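Predicted model only: the values in this text are computed from it and were never measured.
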Amino acid sequence: MISVIVEIQGAVKSIPLDNSTILFAAIIIAAIYLALYALRSIGLYCLARKNSDEKIAKNAGWSFVPFAWVYIAGKLCKRITVFGRNFNDFALILFLIFTAGKLCELAYFVVTYYPLIGYYLQGGQIYISDVSINNFGDVTQYLYDSRFWVENIIYPYQNFDAVSKILLVLNVFSYFFNTVSSLGFILVYIAMFKRYWPERYLMLSLLCLFIPSLFYILVFAIRNKKEVEYEDYLKQRFNGYNPFNSPYGNNNPYGNNPYGNNPYGNSNDNGDNDGDKDSGTNDRPLDEPFSDFNDKENK
């Protein structure tokens, strides 16, 4: 039997869960996982089938195989460059690291929770809690996971110290491999969205970084998009762009001249304007600014 322990108004209470509730929750979780798995697999399959590389198109079916889909995702990126260095075997390396991390994680889960599952199937009482229940009945903390509390469990492993060391090694390796593969997936997000959704590649990469499951949905969304080179996309986008061209083209809303005709007339080669020429003032002598002083000297 499984019970959930909650703290209500300072009091710790146990809420039992019947089998139908547990089964319903398991079905909902499985349905969500399978839906995301299907979206990701279909999306990668469609992208691989119409890829220009015949080898990728031929192996598109691997998109539906657990772990192997990572290899297809890496191949769809075509080229991964880090600090100016090309990684030609990036897809294979990412596939091996991802697989190693998940296998270590799966082994850790099996070794850790195998006794708990057997205990439940034999009718044992399991408490699930995120609050302190030190004063709630006669219970002891189960192994490494503080969320599960059990009563009088018979631990099936004979050598507890050896199993503890194995679990520690599995936990360290799974953490290391999963961290490295997560960094590799950041490169996959950037390279793939640059190739299939260049307009929004940075925003989508950041979203997938913080919400990895969103990648499954986005891959399905871009399944029908055409493959483009990011450099070609930039050239096409800025083709013919001239920052000095008028944004209005030939349709200047202010007219060719906001003043209409030149208010100063048309200048001649000597810098004189037409207005002066027409009025006959071009030949007039220039005023002498020091004429008063000249008169005194003449005297």
Side-chain angles (χ1 to χ4, degrees), residues 1-6 14-37 40-41 62 64-71 73 92-134 136-185 211-213 215-216:
M1 186 175 180
I2 298 179
S3 299
V4 178
I5 297 178
V6 294
S14 174
I15 302 176
L17 302 177
D18 54 17
N19 293 332
S20 60
T21 303
I22 298 173
L23 180 61
F24 178 77
I27 292 175
I28 294 297
I29 295 173
I32 294 174
Y33 176 81
L34 291 176
L36 292 175
Y37 190 94
R40 182 202 64 206
S41 300
W62 289 102
F64 295 92
V65 180
F67 304 151
W69 66 268
V70 178
Y71 180 78
L92 179 60
I93 295 173
L94 180 62
F95 162 71
L96 294 176
I97 294 177
F98 178 81
T99 303
K102 292 305 178 182
L103 290 178
C104 289
E105 186 177 346
L106 180 62
Y108 177 87
F109 179 86
V110 171
V111 175
T112 302
Y113 295 107
Y114 166 73
L116 189 63
I117 296 174
Y119 178 75
Y120 170 74
L121 295 177
Q122 294 176 0
Q125 175 67 52
I126 299 176
Y127 299 98
I128 302 177
S129 174
D130 287 328
V131 299
S132 177
I133 57 174
N134 294 328
F136 184 78
D138 184 15
V139 297
T140 57
Q141 185 174 354
Y142 173 74
L143 203 54
Y144 294 100
D145 202 329
S146 61
R147 293 172 298 176
F148 296 100
W149 302 68
V150 295
E151 295 181 79
N152 303 321
I153 187 174
I154 300 177
Y155 199 63
Y157 304 124
Q158 298 297 326
N159 193 337
F160 180 81
D161 293 335
V163 173
S164 299
K165 292 178 180 178
I166 292 174
L167 289 173
L168 178 61
V169 171
L170 291 174
N171 189 30
V172 170
F173 274 95
S174 64
Y175 179 80
F176 172 76
F177 287 131
N178 288 335
T179 301
V180 175
S181 63
S182 297
L183 296 176
F185 272 109
I211 311 176
S213 58
F215 175 71
Y216 300 175

(message) Does any part of the side chain of Tyr37, heavy atoms only, come nearer than 4.5 Å to the side chain of Pro66, both counted from C-beta?
(response) yes

(message) Exactly one of Leu103, Leu96, Ile97, Val172 should register a side-chain contact (heavy atoms from CB on, under 4.5 Å) with Phe177. Which one does?
(response) Ile97

(request) Find the distance between CD1 (Ile28) and CG (Leu23) and round it off to the nearest 0.5 Å. (result) 10.0 Å

(message) Are more than 12 heavy atoms, taken from residues, nucleotides or ligands other than Tyr175, located less than 6.0 Å from that residue's OH atom?
(response) no

(message) Which heavy atom of Asn171 sits nearest to which heavy atom of Tyr108, and what is that distance?
(response) CB-CE1, 3.9 Å

(request) Using a 4.5 Å cut-off on heavy atoms from C-beta on, say whether the side chain of Cys104 contacts that of Phe173. (result) yes

(message) Once ring-ring contact (aromatic ring centres under 6.0 Å, His included) is applied, do any residues pair with Phe109, and if so which ones, sequence neighbours excluded?
(response) Tyr113

(request) Mind checking ring-ring contact (aromatic ring centres under 6.0 Å, His included) for Phe98 and listing every partner two or more places apart, or none if nothing turns up? (result) Trp69, Phe185

(request) Among Asn178, Thr179, Val180, find the one that has a side-chain contact (heavy atoms from CB on, under 4.5 Å) with Phe176. (result) Val180

(request) Work out which heavy atom in Leu94 is nearest to a heavy atom in Gly184; give both atom names and the distance. (result) CD1-CA, 4.1 Å

(request) Can you sort out the partners of Phe64 under ring-ring contact (aromatic ring centres under 6.0 Å, His included), two or more places apart, ordered by chain and number? (result) Tyr45

